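For reference, the structure discussed in these notes is given below.
Just so we're clear, the structure is a prediction, and the values are computed from it rather than from any experiment. Counting starts at 1 for both ligands and their atoms, following the listed order.
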Amino acid sequence: MKNLSKVDVVLGLQWGDEGKGKIVDALCLNYDVIARFQGGPNAGHTLEFDGKKHVLRTIPSGIFHTDKINLIGSGVVIDPLILKKENDLLKQQGVDTRKNLKISNKAHLILPSHRLLDAAYEHAKGANKIGTTLKGIGPTYTDKTTRRGLRVCDAMAADFQEKYNCLKEAHIGIFNSLNFDWQNQEIDGMNPNEYETKWLEAVKELNDFDIVSSEHFINDLLRQGKRVLAEGAQGTLLDIDFGSYPFVTSSNTTTAGVCTGLGVAPTNIGKVYGVFKAYCTRVGSGPFPTELHDNCGEELRQKGFEFGSVTGRPRRCGWLDLPALRYSIMLNGVSDLIITKADVMDDFDSIKICTEYEQNGSRTPLFVSTEKLDSVKPVYTEMQGWKTDLRKAKQRPELPKAMQEYLKFVETQVETPITIVSTGPDRTETIF
Ligand code: GDP
Ligand code: IMO
Ligand code: MG
């Protein structure tokens, strides 16, 4: 078989919101194609440039570069109405997505009733709820796996309305069994009927886009020597198989997800850029060993603006967790680490890093399973803060000595090089 170019990957190594959008935007210049491979509008990827902030949900973070192809792959789940809103917003900013956005014919559709199901299941779980983004992600992937989901290709077919009604009826059956009063719920401030009308209109607008078989599309481009960057959503610790189950999302957020979500062979994966914050955050429920419930956690939240870009929920904050980072590096085969948001700790006198977990008197450098995560005690190393404005540094040698030592310490601990340092939210605040 002819040698193809490789697909490089950017993905999150923690519980999401590591700054993937910013990094993809900054790395974009080296690539021809940017492709999302999993997740959906549960993602909120923030890009900042020219003094403006943009949040992308389903559209890849290369969209502002008009010479780049942006692909929504088959592993992604799409809410046509949220996608339409995203497209409309971009149009107002002078970006016509109809020119450079391609959509997989196999991507599954999030129906309005999937969103209501998400709410119904969360409600039924009570205190044990996952704290989902209520975007219908879990129910849509469930219908994909049970082989009754609707795909973009179905939306193009003459019998779409019939198939839609059929799946909606099945969902109403579930609402009835849960005693869930679905007709009196709201979806994005609209009653379900109003949302459905707009949603069905948005489905028709999918026809305005180039609908492709992403697996052929990507492999053709690779054969032509084009450079492809795959953009992960969520984070490794939210992976359906290896994350802190059940407090996870419903897709494979790891490098393996690139293969299944785009149709790329494992042998065609190139560099894997793992993005991590210099501390940890998590939205929603689930274990978080290094979580801070004190002023320090609040300081991280305020200085780092740690509020969800999709839901506005305050993010839980805590110290950097190296057992978790080692685990994520292992699962993804990370070749390059990218650190973000260390600048949030510019004023800190000292900074803690969890190097190991302690449980029942013994220590381990390894991540442990969900049920044990709640009871482990983090073992910390305390490092001196740099007390300098990191944004001033334009090259790695210009970073303060204490920060250099901090980076070296992390690299040694996790045996992987940090090749990019992000010093602020703007595209230009990136040290390669
Ligand atoms: P994503 O989901 O991984 O793309 O991350 P989000 O966009 O949800 O959250 C990351 C937040 O941190 C956004 O508001 C970014 O603008 C911001 N950000 C990214 N990198 C940096 C950085 O190095 N320093 C600071 N201060 N903010 C950053
Ligand atoms: P980006 O791509 C942070 C979390 C939710 C919840 C769990 C399941 O911006 O990093 P879901 O709606 O997916 O069923 O929710 O996953 N979650 C995220 N947390 N960043 C995200 O995306 C997330 N997407 C989902 O808060 O705990
Ligand atoms: Mg985000």
- Is it the side chain (CB and beyond), the backbone, both or neither of K20 that lies under 4.0 Å from ligand 2, heavy atoms counted? side chain
- Message: Assess whether a salt bridge exists between R315 and E306, defined as any Lys/Arg side-chain N lying under 4.0 Å from an Asp/Glu carboxylate O.
- Response: yes
- Query: How far is atom 12 (O) of ligand 2 from its nearest protein heavy atom, and which residue and atom is that?
  - Reply: T133 OG1, 2.6 Å
- Query: Does the N or O separation between N42 and ligand 2 drop below 3.5 Å for any pair?
  - Reply: yes
- Query: Looking only at protein heavy atoms, which one is nearest to atom 4 (O) of ligand 1, and how far off is it?
  - Reply: G21 N, 2.9 Å
- Query: Can you name the N/O/S atom of D17 that is nearest the Mg ion (ligand 3)?
  - Reply: OD1
- Query: Can you tell me which residue and heavy atom of the protein come closest to atom 20 (N) of ligand 2, and the distance to 0.1 Å?
  - Reply: D17 OD1, 3.1 Å
- Check each heavy atom of L238 against ligand 2 and say whether those closer than 4.0 Å belong to the side chain, the backbone, both or neither. side chain
- Item | Identity and distance of the protein heavy atom lying nearest atom 22 (O) of ligand 2 | Q234 NE2, 3.5 Å
- Query: For atom 16 (O) of ligand 1, what's the nearest protein heavy atom and its distance?
  - Reply: P425 CB, 3.4 Å
- Would you call the rings of F175 and F180 parallel, tilted or perpendicular, where under 30° means parallel and over 60° means perpendicular? tilted
- Hey, what's the ring geometry for Y357 with F367, parallel, tilted or perpendicular (30° and 60° as the breaks)? tilted
- Task: May I ask you to identify the nearest protein heavy atom to atom 6 (P) of ligand 1, giving residue, atom name and distance to one decimal place in Å?
- Result: G44 O, 3.6 Å
- Which protein non-hydrogen atom lies closest to atom 10 (C) of ligand 1, naming both residue and atom, and how far is it? D17 O, 3.8 Å
- Does V344, backbone or side chain, put an N or O under 3.5 Å from an N or O of ligand 1? no
- Assess G44 for proximity to ligand 2: is some non-hydrogen atom of it under 4.0 Å away? yes
- So which protein heavy atom does atom 23 (O) of ligand 1 come closest to, and at what separation? S422 OG, 2.5 Å
- Query: Purely on distance, is any nitrogen or oxygen of T132 under 3.5 Å from one on ligand 2?
  - Reply: no
- Within reach of ligand 2, part of W15 (heavy-atom separation under 4.0 Å): backbone
- Indicate, as side chain, backbone, both or neither, the part of H45 found under 4.0 angstrom from ligand 2 when only non-hydrogen atoms are considered. side chain
- Item | Identity and separation of the nearest protein heavy atom to atom 11 (C) of ligand 1 | K341 NZ, 3.6 Å
- Item | Aromatic plane relationship, W319 with Y380 - under 30° parallel, 30 to 60° tilted, over 60° perpendicular | perpendicular
- Heavy-atom contacts under 4.0 Å between E429 and ligand 1: side chain, backbone, both, or neither? neither
- Query: Does even one non-hydrogen atom of G12 get within less than 4.0 Å of ligand 1?
  - Reply: no
- Query: Of the protein's non-hydrogen atoms, which lies at the shortest distance from atom 5 (C) of ligand 2, and what is that distance?
  - Reply: G131 O, 3.6 Å
- Ion pair check, E411 and R396, cut-off under 4.0 Å: yes
- Query: Among protein heavy atoms, which sits nearest to atom 27 (O) of ligand 2, and what does the distance come to when rounded to 0.1 Å?
  - Reply: V283 O, 3.0 Å
- Ring-ring centroid check Y141 H108, cutoff 6.0 Å: no
- Task: Would you mind checking which non-hydrogen protein atom is closest to atom 7 (O) of ligand 1, with the distance to 0.1 Å?
- Result: T46 OG1, 2.5 Å
- Message: I need the nearest protein heavy-atom contact for atom 7 (C) of ligand 2: residue, atom name and distance, please.
- Response: V248 O, 3.9 Å
- Quick one: look at D343 and ligand 1, take heavy-atom pairs under 4.0 Å, and tell me if it's side chain, backbone, both or neither. side chain
- Message: Test your reading of the structure: does T249 have an N or O sitting under 3.5 Å from an N or O of ligand 2?
- Response: yes
- Message: If I apply the N/O under 3.5 Å rule, does R313 come out as touching ligand 2?
- Response: yes
- Side chains of E371 and Y245, donor plus acceptor under 3.5 Å: no
- Query: Relative to atom 9 (O) of ligand 1, which among R315, Q14, E306 owns the nearest non-hydrogen atom?
  - Reply: R315
- Query: Do you know the tightest heavy-atom contact between G12 and T236?
  - Reply: O-OG1, 2.7 Å
